[in-house]
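These notes are about the structure you will find just below.
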2 protein chains.
Amino acid sequence: MSAILPTSAEENYLKAIFKIAEKEPGPVLTNALAAEMGTSAASATDMLKRLSDKQLVAYEKYRGVTLSEAGSRLATSLIRKHRLWEVFLVDKLGFAWDEVHEFAEQLEHIQGENLTERLDDFLGHPRFDPHGDPIPDAKGRWQHRTQTRLLTLSPGQRGIVTGVDDHSPTFLQYLAEMGLSLGAELEVLERTAYDQSAKVRIGEREAVLSEKVGQNLFVRII
Amino acid sequence: MSAILPTSAEENYLKAIFKIAEKEPGPVLTNALAAEMGTSAASATDMLKRLSDKQLVAYEKYRGVTLSEAGSRLATSLIRKHRLWEVFLVDKLGFAWDEVHEFAEQLEHIQGENLTERLDDFLGHPRFDPHGDPIPDAKGRWQHRTQTRLLTLSPGQRGIVTGVDDHSPTFLQYLAEMGLSLGAELEVLERTAYDQSAKVRIGEREAVLSEKVGQNLFVRII
DNA sequence: AAATATTTTTAGCCTTGACTAAAAATAAAA
DNA sequence: TTTTATTTTTAGTCAAGGCTAAAAATATTT
Ligand SMILES: [Mn+2]
Ligand SMILES: [Mn+2]
Ligand SMILES: [Mn+2]
Ligand SMILES: [Mn+2]
């Protein structure tokens with residue numbers, strides 16, 4: 001029983017199912033999957049049949065889909081590869097954190113013996129990617145970390161930037177311009193009750209961050 | 001006129017045409033291309049029509065095919081990427097020279113702005129890949145080098161290993177076991193007229209190399 | 001409970017890149 | 001110069017992964 005290799009398209013769907021189920025536990029619905037993949041619902045249904053045939057998901061018509069053990073392992077491995085390649089692109093090739101996603105989206109599908117483990121060695125076994133997302137280890141175990149949205153901090157509280165909940169290049173570029181890279185220290189000085197915007201100190205600078213920013217930026221309180 | 005990106009399959013065919021034409025100048029025949037690609041002649045004909053539609057080749061039914069200017073640029077760029085990734089895999093990830101081809105066959109197709117140039121910078125602008133093959137520069141210019149087959153050396157002549165004409169893992173592994181890596185020094189001690197085998201000194205060791213090895217190993221005479 | 005709205009699946013079509021078998025063109029031999 | 005052999009192309013088929021439009025199932029209102 002030589003488990004045939006999944007195609008890149010299959011891998012991408014598995015990853016999408018994993019990500020949706022992570023935020024919203026329970027079966028993943030066809031429309032949510034299609035939206036995440038940027039395809040039609042009909043295409044998603046097609047793919048779900050293929051993944052079901054390959055035992056990578058448990059799919060019940062009209063009821064949604066969940067990953068099988070094998071599907072979950074594959075999705076986790078894909079996320080591991082994606083994030084390791086992102087570390088490579090930023091740490092070794094010098095790309096900015098908003099430039100690496102599309103590359104990693106391709107690189108995660110490179111197949112072959114030992115590549116991931118050698119890359120991991122070369123990078124020094126990073127535990128988080130350039131966006132602060134955890135990198136599962138070779139056995140699929142996840143790092144756990146307590147982080148909170150900047151929005152929850154009250155005036156006087158300080159934090160270290162640990163991640164983002166919006167990975168769009170525009171948001172990442174905006175953060176970089178504000179000096180809000182991973183590891184940056186900030187302190188909430190004031191919060192406006194009306195719109196939840198916050199005046200913050202970032203290193204030496206002061207700035208006002210909107211509710212939207214507060215919602216999408218993770219910090220560890222110090 | 002936004003030149004649509006070629007698919008991976010198209011790129012592989014272009015590279016195959018380039019490689020055949022390199023050894024055997026003139027139009028490349030369908031059967032030769034199919035053999036190089038490991039596909040049927042019918043599939044090659046199909047692809048030649050697609051490549052011709054995209055102006056990447058000049059194809060005349062029954063007469064063979066040659067690369068257009070655009071096709072030649074693409075093939076050269078693909079070879080550049082392939083060889084740079086091979087350098088990465090050997091120099092940075094620590095793979096052996098017989099392990100990297102299949103990875104590079106996939107990595108060469110990764111698309112996106114600046115990746116190749118950043119990789120080239122990171123690797124220190126290597127001019128040859130782990131098999132001694134030249135890496136064209138960003139403008140598609142080729143390095144030139146005088147090398148000769150080991151077979152042509154007479155007893156008493158010494159050489160430095162500069163490349164191979166057979167890239168099969170078995171040959172590459174055999175050479176590594178014999179101490180014949182790139183840069184290794186050797187001296188021909190005797191040659192047997194009957195079968196063209198040669199007794200050689202490799203560093204401290206002595207060994208007998210067959211005609212087949214002599215034919216597939218390139219050296220620079222010193 | 002019926003009617004309506006939403007979600008999901010099915011049906012039918014398309015492109016890419018394979019394949020085999022048959023036909024046509026070209027090359028080699030008699 | 002015919003005949004035969006080889007090479008190449010065409011014709012027809014398939015699977016993957018998309019699409020749109022129509023049908024069916026499920027959920028929500030009235
Ligand atoms: Mn991907
Ligand atoms: Mn990331
Ligand atoms: Mn390739
Ligand atoms: Mn090589």
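Everything numeric here is computed off the predicted structure, so don't read it as measured data. Each chain gets a letter, A, B and so on, in the order the sequences are listed, and its residues count up from 1.
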On the nucleotide [N], are OP1 or OP2 found under 4.0 Å from the side-chain N or O atoms that [X] carries?
| X | N | value |
| --- | --- | --- |
| Thr45(A) | dT9(C) | yes |
| Lys61(A) | dT26(D) | no |
| Thr7(A) | dA16(D) | no |
| Tyr13(A) | dG18(D) | yes |
| Tyr59(B) | dT9(D) | yes |
| Arg50(B) | dT16(C) | no |

Which whole-number value in Å describes the distance from [X] [atom1] to [N] [atom2]?
| X | N | atom1 | atom2 | answer |
| --- | --- | --- | --- | --- |
| Asp46(B) | dA18(C) | CG | P | 9 Å |
| Lys49(A) | dA15(D) | NZ | P | 15 Å |
| Leu48(B) | dT8(D) | CG | P | 10 Å |
| Met37(A) | dC19(D) | CE | C1' | 15 Å |
| Ile4(B) | dT15(C) | CD1 | P | 15 Å |
| Tyr62(B) | dA25(C) | OH | C1' | 4 Å |
| Glu10(A) | dA15(D) | CD | C1' | 12 Å |
| Leu5(B) | dT15(C) | CG | C1' | 17 Å |

Shortest non-hydrogen pair, Lys81(B) vs Ile110(B), comes out as NZ-O, 4.1 Å
Would you call the rings of Trp85(A) and Phe88(A) parallel, tilted or perpendicular, where under 30° means parallel and over 60° means perpendicular?
perpendicular
Straight-line distance of [X] [atom1] to [Y] [atom2], nearest 0.5 Å:
| X | Y | atom1 | atom2 | value |
| --- | --- | --- | --- | --- |
| Glu86(B) | Asp91(B) | CD | CG | 11.0 Å |
| Ile79(B) | Asp133(B) | CD1 | CG | 9.5 Å |
| Arg73(A) | Leu14(A) | CZ | CG | 12.0 Å |

Heavy atoms under 4.0 Å, any strand shown: does Thr39(B) hit a base, just sugar-phosphate, or nothing?
sugar-phosphate
Counting any heavy atom closer than 4.0 Å, what does Ala9(A) reach on the DNA or RNA strands: base, sugar-phosphate only, or nothing?
sugar-phosphate
Start with the C-alpha gap between Lys54(A) and Glu10(A), add the side-chain angles, then the distance that decides, and say whether salt bridge (Lys or Arg N to Asp or Glu O under 4.0 Å) holds.
CA-CA 10 Å; Lys54(A) 295 194 179 185; Glu10(A) 288 169 344; 3.0 Å; yes
Does Ala44(B) or Arg63(A) map to a spot on DNA chain D nearer the 5' end, using the closest nucleotide for each?
Ala44(B)
Can you find a heavy atom in the side chain of Lys92(B) that is under 4.5 Å from one in the side chain of Leu123(B)?
yes
Is there a side-chain contact between Pro130(A) and Leu182(A) (heavy atoms, below 4.5 Å)?
no
For DNA chain D, which residues of residues 27-36 of chain B approach it to below 4.0 angstrom with any heavy atom?
Leu29(B), Thr30(B), Asn31(B)
To the nearest 10 degrees, how far apart in direction are the end axes of the helix from dA1(C)-dT30(D) to dA30(C)-dT1(D), each fit to five base pairs?
10°
Charged N to carboxylate O under 4.0 angstrom, Glu117(B) versus Arg80(B)?
yes
Arg127(B) CZ: over 12 foreign heavy atoms closer than 6.0 Å:
no
